[in-house]
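Throughout, protein chains are lettered first and strands after them, A, B, ... in sequence-line order, and every chain is numbered starting at 1.
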Number of protein chains: 2
Amino acid sequence: MSKRQNIALKPIEEVLTFWDILTHDERHFIQNAYSVLHFKKNEVIQSEGDTPTHLMILASGKVKVYKAGFSSRPQIVRLLKPGEHFGYRAIIANELNSTTAIAFEATTIYTISADNFLSILRHNNAFCYRFLEELAFDLAESDARTVNLTQKHIRGRLAGALLFLVQNYGLEEDGATISIYLAREDLANLSNMTTSNAIRTLASFANEEIITVDGRKIKIIDAEKLRKISKLG
Amino acid sequence: MSKRQNIALKPIEEVLTFWDILTHDERHFIQNAYSVLHFKKNEVIQSEGDTPTHLMILASGKVKVYKAGFSSRPQIVRLLKPGEHFGYRAIIANELNSTTAIAFEATTIYTISADNFLSILRHNNAFCYRFLEELAFDLAESDARTVNLTQKHIRGRLAGALLFLVQNYGLEEDGATISIYLAREDLANLSNMTTSNAIRTLASFANEEIITVDGRKIKIIDAEKLRKISKLG
DNA sequence: GTAAATTTGTGTTTTATAACATAGTTCTTA
DNA sequence: TAAGAACTATGTTATAAAACACAAATTTAC
């Protein structure tokens, strides 16, 4: 992990989506027990195979979570935005980290130690249930991704990835530009294809006037068509 | 769902792996609130897209859980054995069923209604935590499957599937025969390939004396080699 | 116990996508 | 602001696996 700094930072009670379900005592406890970590662009936050030590909550920035593949092609399994948690699955399952997390951009993270996290899980049922819901949701997503990536053709996979980005990060004020700028390589690692093919297919989409591309900025022109391509492989 | 019958049946307190963490009252409650369902070979137990109604616990038999693919090729995501639960993810996430479950063979299932299940989840922290653990474990499995299926070549995928079957259902008394007899098509749906390719690849493995095949009975001869193939794609 | 249906097996052709090669372009950083 | 590194782009070739076609074997149903 990384050194600390001190930049303007949203207070923990505004970042944690589960703040409302904590008891008075727990809030107090956490306010004294959390840490803040800062990561620069492309810094590794946690590594696949490491012992998990903390629940992490993204305060600002963007994080990609991936599994190292065999063929030197990592598979991105989650993209995180502020307010979202990670690093806790392995704590609960009592396993080593199954994924690596990297900061896409300068990122600030609140951390709560595994012991403290487990202690609250064990004592606050609503808290436990909240994480149960989250994992239940993520599991369906993961299974759906398996089918998406194994059964669709390249165009369908890339279209699906673009729609996922829209859903996940939303659009800019123009109502069209996807609010995250990914390298072609990341786009490829999200949709299980080579970088060349991500580039090529993106160019096709632009040619067909489904999107426009300006460097890493992608504007959605015809979302309906994109959805169709995503569905029909 | 299906009609009831009355065959010799393990009592619920012996089937439920979470019996020990229920309170006296909850045990009492469940003993009056469960139902038993019987399914014949190939009967559908629940369908993708349906509203989830019950937590299901497999008392006897074998069940496959899969997602319907696009290309008419379903993807098997879990294979269940007695004692294992299913059908509860969608209840927790408050979604429709994301998978279909089918009985592989004559199967008996204990069911507990969604309301009752949720009520215990909400009141018994240890119970909630047990399911949290289960989902945490399943999520890593699902992510790992994504990478397995997208990045390995056919031989690696099939080798992985065979090892999975061994791990999941174990071996017969001879210490070599896998304790589940799957159709080639199911083997294919487990490892993301066409049936022809499952047949062909299985034949190659037999040729290379890594396994022997007798109808649907598969004997593992060289587990080490199988592991190697699974790893190196 | 025979017909029909399903499953298994094998050969051939086609195709989607990876791999490779190379060049232009844009970002870093010294 | 120049030099190098990283990223984007595009053409060509190679190949893994699907698609198709059909035959043999086995299971199921009547």
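Between the P atom of C:dG11 and the CZ atom of B:Arg200 lies a distance of 8 Å, rounded to the nearest Å. Rounded to an integer number of Å, the gap from B:Asn197 CG to C:dG11 P is 14 Å. The distance between atom CG of A:Asp186 and atom C1' of D:dC7, rounded to the nearest whole Å, is 12 Å. Distance, B:Gln151 CD to C:dT17 C1': 14 Å, rounded to whole Å. A:Lys40 places its NZ atom 15 Å from the C1' atom of C:dT28, with the value rounded to the nearest Å. When the C1' atom of D:dC7 is taken as reference, atom CG of A:Leu202 falls 14 Å away, rounded to whole Å. Remark: C1' of D:dT27 and CG of B:Leu182 are 17 Å apart, rounded to the nearest angstrom. For A:Asn192 and C:dA16, the CG to P distance is 17 Å, given to the nearest whole Å.
Candidate nucleotides C:dA18, D:dA18, C:dT7 were compared by shortest atom distance to the side chain of A:Thr194, and C:dA18 ranks first. Side-chain proximity of B:Ala183 to the nucleotides C:dT8, C:dT10, D:dT10 is greatest for C:dT8. Of the listed nucleotides (D:dA16, D:dA9, D:dT28), D:dA9 has the atom at the smallest distance from the side chain of A:Ile199.
Residue contacts shown for A:Ser196 include a base, since a base heavy atom lies under 4.0 Å away.
Proximity of A:Arg155 to the phosphate of C:dA16: no side-chain N or O atom is located under 4.0 Å from OP1 or OP2. Within the structure, every side-chain polar atom (N or O) of A:Arg216 is placed at least 4.0 Å from both OP1 and OP2 of C:dC27. OP1 and OP2 of C:dT6 both lie 4.0 Å or more from every side-chain N or O belonging to B:Arg184.
Listed for the A:Tyr169 side chain is a donor-acceptor partner under 3.5 Å among the backbone atoms of A:Leu80.
Summarising the geometry, atom CG belonging to A:Leu162 is positioned 6.0 Å from atom CD1 belonging to A:Ile211; distances are rounded to the nearest 0.5 Å.
For the 3.5 Å distance criterion, the side chains of B:Asn97 and B:Arg89 fail to qualify, holding no donor opposite an acceptor. Side-chain N/O atoms of A:Thr100 and A:Ser47 include no donor and acceptor closer than 3.5 Å.
For the pair B:Lys41 and B:Met193, nearest-nucleotide mapping onto DNA chain D gives the more 5' position to B:Met193.
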Practice prompt. Evaluate the criterion side chain to side chain donor-acceptor pair (under 3.5 Å) for residue pair B:Thr108 and B:His38; output intermediate values, then yes/no.
Written response: CA-CA 5 Å; B:Thr108 308; B:His38 295 275; 3.2 Å; yes

